[in-house]
Amino acid sequence: MNISNNLKSSVSLFVITLFVMSTVVVSCNSKPESNNLDISEFLKHGRTDTIYPSAKQMEMLKAIIPETTYKAAPSISDRTYWDAIANTKSGQEYLKDAEALIDKQPEVPISDSIYRLANKDGNRKIYKPRYYRTMEHLEHYILAECLENKGRFIPQINTYMQAIMDMKSWLHPNHDDKDNGVLEGRRVSIDLGARKFGMVLALGESLLGDSLSETMRTDIQEQLQWRITDNYIKSCEIADENNRWIDGTSNWNSVCTSGTLFVTLTNSRSHEERISAVGSAINSMKHYVSGFGEDGYCSEGLGYWGYGFNHYLYLAQMVYDYTGGKIDLFKGENPQKLKNVGNFPEQFEIQNGTCAPFADGVSHTSSKGSNFAEVLSAAYYGAKKPSEIRFEEAVEQIIAWDHPEMFTPNTTQNSSSALADHTYFDDFGMVISRGKQEVPFSIAVKAGHNAENHNHSDVGTYIIVLNDELISGDIGAPSYMAGSFSPDNKARSSWGHPVPKINNTLQSNGKSFKGIITDTSFSSEEDKVVMDIKPAYNLTVLDVLTRTITNIKTGNGSISITDHFEASENIDFGSAIMTFANYEILDANTVMLIGKTEKVKVEISSSVGQVEIHPEPVPVEHLREGKGAKRIGIEFKNSVKSGDLTLKYTPFYN
């Protein structure tokens with residue numbers, strides 16, 4: 001939901017309220033006590049075989065972790081707190097939203113047959129909306145009851161809570177094993193869905209307290225203990241098949257860890273267990289943060305940055321508040337890197353709200369979904385503050401109520417005016433060269449490696465943008481269906497990317513199969529990037545393979561992609577124009593790309609031999625960017641030993 005623009009008007013009232021709050025809520029501007037945890041020192045004492053904290057780490061945390069459980073907000077009985085929020089415009093709007101949902105019935109449990117079908121086919125549409133609508137409705141009922149305190153939402157809360165606890169598995173079905181081991185009760189596991197079901201139940205039990213029956217509270221506590229906490233602690237102590245994300249570098253780690261930690265800190269009655277969970281989370285987040293470049297680059301793309309870093313920052317805020325500021329994961333062990341990560345979205349935008357759909361990333365900045373990560377990045381890392389505030393989870397809304405100044409929208413910034421002429425993520429090897437023409441013509445290109453998060457075999461890939469149209473280049477991700485993650489999927493392999501194909505051989509997968517940017521030059525008139533992409537191919541016959549990208553920014557602009565190759569013997573060499581646009585082959589060396597409103601002429605030239613144009617559709621039925629992707633193959637007619645192949649893109653105006 002959107003937070004009201006005049007939330008700021010309620011700040012004075014709420015500041016007074018903060019003095020009498022019975023929860024541990026610390027303002028982002030408060031000064032922590034001197035006995036802060038030195039996170040760098042803490043991590044030095046970590047174990048190498050597991051993320052479970054060492055004896056030394058447990059000792060370092062013992063005096064910091066409170067004896068009491070965590071509460072995201074005071075209980076419903078604290079009417080000073082909740083009545084103050086209920087009197088704000090935001091509180092009134094939240095209650096109104098909840099009232100509109102009060103007659104909705106839970107959409108879980110889904111049947112075993114739907115669960116098994118979703119597992120087999122990887123079809124998320126037949127279960128995921130049901131899961132998340134159920135959780136969204138229950139969250140609204142819980143907070144609305146706290147705001148109103150009339151018992152009006154309690155019947156639905158009981159119905160929804162029981163429906164969730166009646167589920168055999170809290171997992172997304174396609175995250176279960178092929179034999180449905182969690183559904184069949186042979187094991188327990190935590191995934192993106194399970195952590196969320198756990199969070200909602202934990203939040204409700206914690207805030208509503210005696211408004212729920214003793215039986216309901218006991219059932220919730222027991223289920224949270226065995227489904228989430230016991231399972232998590234076991235996986236942290238000894239790595240097993242159930243929660244392999246605990247030391248991962250993708251969004252899974254931060255999302256699942258934040259939810260699991262919330263459940264454990266809120267529900268566990270064991271001080272030692274809460275200590276071990278916090279220690280495990282800190283150790284785990286070291287792995288998550290390592291997945292970003294030192295320059296802040298997120299190989300998962302902007303959408304997964306928002307999802308994953310959102311939950312990292314929520315985890316950081318939760319732990320900061322719980323410990324009275326003694327554990328500061330906003331700084332972590334590398335404050336500059338985290339600042340770079342927080343500023344990634346602004347650096348990653350190409351122009352007019354577009355961004356590179358590399359790997360499984362999105363192609364446009366979004367006006368939907370939570371932008372909690374952007375708000376906290378603005379507060380803690382000096383990033384651009386969004387002009388509207390959006391939430392997807394109740395715990396985000398609670399933090400906004402507790403920190404109203406932080407969540408006051410910025411209505412003064414122009415979202416695109418400050419974009420630099422270029423951005424160079426020099427650690428990961430990714431460049432955005434921005435044209436500044438009246439109709440801007442720009443390119444994003446990356447070297448990278450073929451073992452990135454949500455990896456595509458795409459070393460050397462690029463996307464060309466004219467105005468706000470992604471006219472040519474990377475076609476993005478296959479939709480998440482059965483087979484979408486296979487390296488043989490043609491939208492995921494290098495066949496489906498605008499990169500060379502040599503002797504009918506595609507790029508190989510693994511971190512050693514990479515590209516290296518060897519030279520750059522940037523000016524107001526021309527940007528040039530040279531990269532060595534030979535290491536991406538497992539071909540002993542190949543001696544040299546470089547890709548040079550030149551963006552001429554004068555006039556209407558032009559962008560050239562030149563591949564230079566040398567081999568020890570004659571080879572078959574080709575590349576491709578990838579596009580969703582319509583096209584016309586004007587002659588043997590010219591293709592016209594026809595977008596929705598823009599046109600770009602592609603001129604093909606070679607230093608040796610003739611080339612042939614071989615267009616064909618991309619045989620992947622479901623692509624996130626839409627339908628009708630084409631691969632326009634550009635290949636030398638005869639095998640050659642060395643040469644250059646250039647594709648020159650120029651805006652075309654009638």
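- Under the 6.0 Å distance and 45° angle rule, Arg624 counts as a cation-pi partner of Tyr480.
- Checked options Trp245, Tyr127, Trp252, Tyr131; the residue passing with His175 is Trp252 (criterion: ring-ring contact (aromatic ring centres under 6.0 Å, His included)).
- No donor-acceptor contact under 3.5 angstrom links the side chains of Asn267 and Thr229, judged on distance only.
- No hydrogens or angles considered: a donor-acceptor pair under 3.5 Å links the side chains of Glu41 and His45.
- Taking the six-membered ring where the residue is Trp, Tyr314 and Phe372 present tilted rings, their angle falling between 30° and 60°.
- For Tyr312 and Phe309, the gap between ring centers is short of 6.0 Å.
- Using modelled atom types, one finds no donor on one side chain facing an acceptor on the other under 3.5 Å when comparing Asn158 with Gln162.
- Of the N and O atoms on the side chains of Gln223 and Asp219, not one donor lies less than 3.5 Å from an acceptor on the other residue.
- Applying the ring pair (Phe, Tyr, Trp, His ring centres under 6.0 Å) test to His454 and every residue at least two apart in sequence or in another chain returns Tyr304.
- The aromatic rings of Trp170 and Phe197 lie tilted to each other, with the angle between the two planes from 30° to 60°.
- Using the six-membered ring where Trp is involved, Tyr141 and His137 have ring planes that are tilted, between 30° and 60° apart.
- There is no side-chain donor-acceptor pair under 3.5 Å between Glu392 and Tyr307.
- With Asn310 as reference, Ser370 is the one residue of Ser258, Ser370, Ser254 to meet the side-chain hydrogen bond (donor to acceptor under 3.5 Å, both in side chains) rule.
- Between Asn334 and Glu294, the side chains place a donor N or O and an acceptor N or O closer than 3.5 Å (distance only, hydrogens not considered).
- Counting only N and O atoms by type, the side chains of Ser290 and Lys286 include no donor and acceptor under 3.5 Å apart.
- Side-chain contact annotation: Asn243 with Ser235, donor-acceptor N/O pair under 3.5 Å present.
- No side-chain donor from either of Glu107 and Thr134 sits under 3.5 Å from a side-chain acceptor of the other.
- Nearest heavy atoms, Ala356 versus Ile350: N-CD1, 3.7 Å.
- Contacts of Lys168 classified as side chain to side chain donor-acceptor pair (under 3.5 Å), with partners at least two apart in sequence or in another chain: Asp112.
- Side-chain contact check for Asn251 and Glu300: at least one donor-acceptor pair (N or O, by modelled atom type) lies under 3.5 Å.
- Side chains of Glu396 and Gln317: no donor on one and acceptor on the other come within 3.5 Å.
- Between Gln336 and Asn340, the side chains place a donor N or O and an acceptor N or O closer than 3.5 Å (distance only, hydrogens not considered).
- Scored by the side chain to side chain donor-acceptor pair (under 3.5 Å) test, Thr257 finds Asn253 as partners (sequence neighbours excluded).
- The line from CH2 of Trp82 to CD1 of Ile76 is 8.5 Å long, rounded to the nearest 0.5 Å.
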